[in-house]
Structure formats: C-alpha cells, structure tokens
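In this chain, residues are counted from 1 in sequence order.
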Amino acid sequence: MKQFEICKFDEYREDNRIEVKKAMNGLPHSLWETYSAMANCYGGVIILGVAENKDGSFYTTGLKNETKIKKEFWDTINNRKKVSVNLLVDNEIETYERNGDIILVIHIPRARREQRPVYINDDLWNGTYRRNWEGDYHCTNSEIRSMLRDEPEETMDMAVLKDFSIDDLDKESVQGYRNYHSAVNPGHVWEKLSNEEYLERIGAVEKLRDGYYHPTLAGLLMFGQEYRIVRYLPEYFLDYREVLDPTIRWTNRIQSSSGDWSGNLFDFFFRVYNKMTRDLEKPFELDGLQRVEDTPVHKAVREALANCIVNADFYLPRGIVILKEQDQIIMQNPGSIRTGKAQMLRGGISDPRNKAIMKMFNLISIGERAGSGVPDIYSVWKNKKWIDPIVEEQYGPDRTILTLVFSKKQALKTGGKSRRKKQAEKTTINKQRILEFIDLNESASNSEIANNVKLSSSRVRSLVSELIDEGKIVSQGIGRARVYLIAHK
C-alpha cells in the first residue's frame with residue numbers, strides 16, 4: 001500500500017497507486033470504483049479535496065464538511081449492498097490541512113486473496129475493477145474467475161479429473177520422476193509401490209468410488225501428454241527461447257506443442273533448467289572425490305524456475321515463457337502473486353497457486369516450503385554484486401515476470417552518474433519488455449504496449465522510435481491503426 005506524506009504533496013502525481021478527487025459535493029460515485037480497483041491490485045491512496053493542474057501536479061480544493069464526508073464514507077463502505085468487503089480500519093483515513101484547505105487521505109490496502117475480488121453495487125461481474133496507469137477499468141470475466149480460483153485453500157491443481165484415466169499419464173515421465181526421487185532419496189519407503197499406489201501418494205492420482213484411479217490436475221500437468229493436457233486446459237503452453245545472437249530471433253527453442261516430446265511440466269523443468277544453467281560458472285570444488293556442480297547461483301535459478309511453475313495459473317492465456325539472453329534470464333508465468341509482491345520479497349509465507357505440484361517438486365528436493373525462495377535469490381545476487389532481480393506484476397491478463405541479470409553493478413562515483421546509470425538500465429529493461437510483448441502477440445499498438453508494460457503512451461512512443469532506429473521492430477499502418485512488429489533479419 002502506498003503511504004502518503006503531506007511534506008511530499010508537491011511531488012505526487014496520479015499513477016496506479018494514487019488518485020485525487022475534488023469531492024466538492026460529497027463523496028464522488030467514482031470513489032468506489034477506485035476503491036475496488038486498488039484493493040484488487042496493489043492498494044493505494046485516494047485523496048479527497050484535491051485536483052490536478054494541467055502539468056499533473058496537485059492543488060487543494062478543500063472539503064466543505066469533512067465530518068459529514070467521513071460519516072458517509074464509513075456508512076457506505078460497511079453497506080454490503082454497495083461494497084463487498086470493508087478493508088479499512090479507523091486510522092487508514094487521515095485529515096490534513098494545507099493552504100487553509102482540509103483534505104482527506106484514504107489508505108486502501110491490497111485485499112487478501114480470500115477477500116478478492118472486491119466489487120461494488122452487489123454486482124460481481126459488472127462491479128469488479130482493477131487499476132492501470134490510465135485509471136480504473138472493468139475486470140473481464142476471465143480476470144474475475146482467476147481471482148475466484150485463488151480464493152479457496154484447496155488449490156486448483158488438487159481437482160480430480162473424472163473424465164481422465166491413469167492411462168492419460170506418460171509412462172516415461174512417471175518413470176523419470178520415480179528414478180529422480182530414488183536418486184535424491186535412496187531407500188525411500190515408496191520405492192517398491194506400484195505406479196498406481198506411488199502416484200496416489202504423491203498426489204498425482206486418486207482412486208474414486210468407481211474403483212479406478214483418475215489423475216488430479218497436478219498429475220496431468222506434471223506427467224500428461226501435451227495434447228491431453230490441452231483437452232482440459234486449452235490455454236496451456238510452455239515456451240523456452242534462447243536469444244544469444246541478437247541478429248537471430250531465437251537460437252534455440254523448446255515449446256510444449258512441438259509434438260517431439262511430452263510437453264508436460266516435469267520434462268519441461270529439466271530440459272529448460274539444463275539449458276538455462278549450461279553457461280553458468282562451475283568452480284572446481286570437491287566434496288570427497290566428487291566434483292561439486294551445484295553452486296548457489298544454480299540453486300537460485302532452479303528455485304526461480306520451480307517458483308514460476310508452481311505459481312502459474314494455467315487457465316490464463318500466454319502460458320509460461322522463459323527467455324534466455326546473453327546476460328539475463330526472464331521468466332514469465334500467467335497469474336498474479338497470491339501473497340502480493342511486497343510479502344513475496346519479504347519471504348516467510350508460502351502460498352503457491354499449485355500446492356500439489358509444489359509437493360511433487362519438494363519430494364525431489366526442488367523448491368522451498370517456507371516462502372524463502374525469492375529472498376534467497378536476492379541474497380545470492382547481492383553476494384555476487386549483480387544487478388538486483390526485478391519482479392513485476394501485470395494485469396489484464398494477470399502475469400508475473402522475474403528478470404535475473406547476470407551483470408555486476410557498476411561502481412558509481414557521482415549522483416549524476418548514478419541517476420544516468422539507473423535510467424539507462426531502466427530503459428534497457430523497458431525495451432526488452434516491449435520486444436517480448438510484441439513478440440508474444442505478433443503485433444501490438446502503442447496503447448496495448450502502454451497498458452501491458454505499464455508505461456505512459458508518450459514514453460512508449462519514445463522507446464518504440466528507438467527500437468525502430470535500432471532495427472529491432474518495424475511499424476505497420478498509420479494513425480490509430482499503427483501497430484509494431486518484430487523486424488525479421
């Protein structure tokens with residue numbers, strides 16, 4: 001949640017976490033749309049008695065009856081016919097005086113996943129909002145269903161698929177998992193179980209009253225054939241690309257729909273992990289007579305990849321996309337961060353979207369249970385003096401992006417150089433995000449790019465102009481019909 005400081009009033013501008021409203025004649029109706037939007041995203045601040053100048057700066061208009069407005073606010077927010085849930089306590093509304101005007105500052109927290117979606121007017125499908133840089137927007141039915149799927153403690157991957165049988169699982173993938181489990185846990189009590197019993201123990205199948213074993217969604221995702229997975233999850237897609245030569249669109253690619261491998265999560269994980277870490281430094285170190293190949297960086301990348309998979313919402317479009325470049329790896333998964341970005345970076349709370357899949361990874365010593373995975377990754381990067389990892393959340397559709405940069409931070413001598421360096425790094429990252437979005441969608445307009453990479457339209461115009469000059473993208477069409485495409489070499 002964004003914190004408001006009256007001493008910084010002149011510095012503030014409207015963005016996806018701060019909104020100003022005049023409220024000259026009482027509470028504006030649009031306040032509740034903004035309340036829903038902020039609660040369903042990152043939280044934020046609504047300031048009443050303030051308006052915008054043409055340059056975006058704020059000026060106070062004041063409130064005629066602050067006490068009456070406060071009472072109206074509390075009466076409305078506690079009315080379930082108007083607002084689905086009240087997230088606020090008394091100290092989250094503050095009164096300030098500036099230039100002789102009274103203003104009210106309302107701090108909106110991010111709703112917990114079991115409270116989302118937050119909606120208004122007793123209308124789930126038409127009263128649910130989210131927020132982007134251009135303001136509040138109606139959530140699509142897909143976004144609302146995604147929030148509803150995240151509500152229960154029993155995660156979506158625990159569902160038993162009655163129309164599928166154990167024969168829908170790929171026998172080679174199951175045996176590969178069992179072999180790996182035996183290697184990391186020799187002599188485990190499950191080693192001698194039949195496949196059916198073993199898969200039941202790990203949560204991949206369940207025996208129903210009909211006397212047959214049926215896969216769970218986790219079992220189908222981990223061990224099924226891709227063409228069978230998409231029968232249940234039409235949006236399911238896994239994509240790994242290596243772009244090690246900037247003159248070539250990609251130098252290596254693995255995708256789940258290629259037909260020359262199973263296309264399931266288990267096989268994808270190991271195929272991709274081996275390629276992701278192939279170029280990482282492996283110092284000569286012995287553990288007894290065995291060479292130690294697993295460095296903290298390897299463990300961090302492995303944790304990041306597992307985190308990407310166990311938090312993916314496979315009902316959403318665009319699937320999991322992993323992009324490996326010369327000095328960075330970008331991991332994208334469909335779905336927002338269930339605990340929120342701030343809590344994820346702090347660590348200590350584990351709330352994966354796919355608990356059954358996480359259990360399967362944990363059984364073969366992959367992934368963390370205690371929510372320490374992301375903080376550990378940051379710690380490894382800090383010890384290497386590399387540029388900090390970047391975590392981003394996007395909405396519409398929901399998407400989480402982790403960027404791992406394998407480059408050292410520059411030692412900077414002056415504040416001016418520091419600012420220029422940071423701006424250059426930010427520009428590089430934003431250009432990459434634009435390229436990735438255009439590539440995933442084949443083409444994109446300025447407004448589509450701005451909405452998805454969370455930049456202003458003017459900033460997007462500047463960056464796409466630079467990318468055109470660099471020969472990386474081309475434009476097509478004119479005026480509002482103009483779109484951008486990846487330039488083919």
Side-chain angles (χ1 to χ4, degrees), residues 1-23 27-28 30-53 55-60 73 77 83 85-89 91-96 98 103-113 115-120 128-139 143 147 336-346 390-401 422 426 429-430 433 450-460:
M1 181 172 65
K2 191 179 186 75
Q3 296 300 316
F4 177 84
E5 298 177 58
I6 191 66
C7 61
K8 296 182 179 179
F9 184 88
D10 291 331
E11 301 175 22
Y12 287 127
R13 300 291 186 273
E14 280 197 342
D15 57 25
N16 63 340
R17 296 200 196 185
I18 191 165
E19 173 96 1
V20 297
K21 298 180 185 292
K22 291 182 181 180
L27 285 181
S30 63
L31 179 145
W32 301 110
E33 296 174 4
T34 303
Y35 172 82
S36 166
M38 288 181 171
N40 289 323
C41 286
Y42 311 102
V45 173
I46 302 174
I47 310 174
L48 303 182
V50 174
E52 277 188 290
N53 291 303
D55 65 358
S57 62
F58 296 163
Y59 68 93
T60 59
F73 178 86
I77 201 171
V83 183
V85 60
N86 174 14
L87 302 173
L88 276 65
V89 294
N91 63 3
E92 285 169 329
I93 297 186
E94 298 175 309
T95 303
Y96 293 94
R98 180 178 172 83
I103 66 173
L104 277 183
V105 177
I106 304 171
H107 295 269
I108 312 296
R110 173 189 169 105
R112 300 190 305 273
R113 65 170 172 79
Q115 296 170 318
R116 295 193 297 267
V118 175
Y119 56 94
I120 63 173
T128 300
Y129 293 81
R130 271 185 171 164
R131 191 162 178 83
N132 58 27
W133 289 94
E134 296 181 357
D136 310 320
Y137 70 91
H138 269 112
C139 286
E143 289 177 287
M147 286 186 268
S336 59
I337 302 169
R338 275 162 62 104
T339 61
K341 179 178 173 180
Q343 180 60 57
M344 184 184 74
L345 296 178
R346 284 195 299 268
I390 301 166
V391 176
E392 302 171 78
E393 266 189 303
Q394 295 180 0
Y395 296 114
D398 297 356
R399 203 152 183 82
T400 302
I401 304 169
K422 287 180 180 178
K426 188 175 181 180
I429 292 168
N430 284 335
R433 291 166 60 200
N451 286 336
N452 280 273
V453 302
K454 303 301 184 267
L455 295 172
S456 67
S457 294
S458 60
R459 182 59 178 153
V460 168

Study note, to complete from the structure: Taken to the nearest 0.5 Å, the spacing of Ile337 CD1 from Gln343 CD works out to 11.0 Å

Check your understanding: Can you check whether Asn430 reaches Val453 side chain to side chain, under 4.5 Å on heavy atoms?
Key -> no

Point to revise | Set of side chain to side chain contact (heavy atoms under 4.5 Å, CB included) partners for Ile93, sequence neighbours left out | key: Lys70, Phe73, Trp74, Leu88, Leu104, Ile106

Revision key, fill the gap. Rounded to the nearest 0.5 Å, the CD atom of Glu143 sits from the CG atom of Asn40 at a distance of 9.5 Å

**Study point:** Heavy-atom side-chain contact between Asn132 and Asn452 under 4.5 Å
**Key:** no

Review point. Do Arg131 and Tyr395 come close enough that some side-chain heavy atom pair is under 4.5 Å?
Key: no

Check your understanding: Who are the ring-ring contact (aromatic ring centres under 6.0 Å, His included) partners of Phe9, not counting sequence neighbours?
Key -> none

Study note, to complete from the structure: Scanning both residues in full, the closest heavy-atom pair of Leu87 with Ala39 reads CD1-CB, 3.4 Å

Revision key, fill the gap. dist Thr95:OG1 -> Ile6:CD1 (nearest 0.5 Å) comes out at 11.0 Å

Check your understanding: Is the shortest heavy-atom distance from the side chain of Arg98 to the side chain of Val50 under 4.5 Å?
Key -> no

Review point. Checking Lys341 side chain against Val391 main chain: does a donor-acceptor pair fall under 3.5 Å?
Key: yes

Review point. Taking atom CD1 of Ile108 and atom CD of Glu19, what is their separation to the nearest 0.5 Å?
Key: 11.0 Å

Exercise for review: Look at the side chain of Arg17 and the backbone N and O of Glu14, then say whether any donor-acceptor pair between them is shorter than 3.5 Å.
Suggested key: no

Revision key, fill the gap. dist Ile103:CD1 -> Lys21:NZ (nearest 0.5 Å) comes out at 15.0 Å

Revision key, fill the gap. Closest heavy-atom pair, Pro28 versus Ala23, reported as atoms and distance to 0.1 Å, is CD-CB, 4.0 Å

Point to revise | Closest non-hydrogen atom pair, Asp136 against Ala37 | key: OD1-CB, 3.4 Å

Exercise for review: Would you confirm whether Gln115, through its side chain, and Arg112, through its main-chain N or O, come within 3.5 Å as a donor-acceptor pair?
Suggested key: yes

Point to revise | Beyond-backbone contact of Tyr129 with Ile120, side-chain heavy atoms, under 4.5 angstrom | key: yes

Practice item. Return yes if some donor-acceptor pair links the side-chain N/O of Asn86 with the main-chain N/O of Ile77 below 3.5 Å, else return no. Key: no

Check your understanding: Is there side-chain contact between Thr128 and Met147, with at least one heavy-atom pair below 4.5 Å?
Key -> yes

Revision key, fill the gap. CG of Leu48 to NZ of Lys22, rounded to nearest 0.5 Å, is 13.5 Å

**Study point:** Which atom of Val85 lies closest to which atom of Tyr35, heavy atoms considered
**Key:** O-OH, 2.7 Å

Review point. Would you find a donor on one side and an acceptor on the other, under 3.5 Å apart, between the side chain of Arg116 and the backbone of Ala111?
Key: yes

Point to revise | Non-hydrogen side-chain atoms of Ser57 and Glu52 separated by less than 4.5 Å | key: no

Practice item. Give the minimum heavy-atom separation between His107 and Val45, together with the two atoms involved. Key: ND1-CG2, 3.8 Å

Review point. Does a salt bridge link Arg110 with Glu393, judged by any charged N lying under 4.0 Å from a carboxylate O?
Key: yes

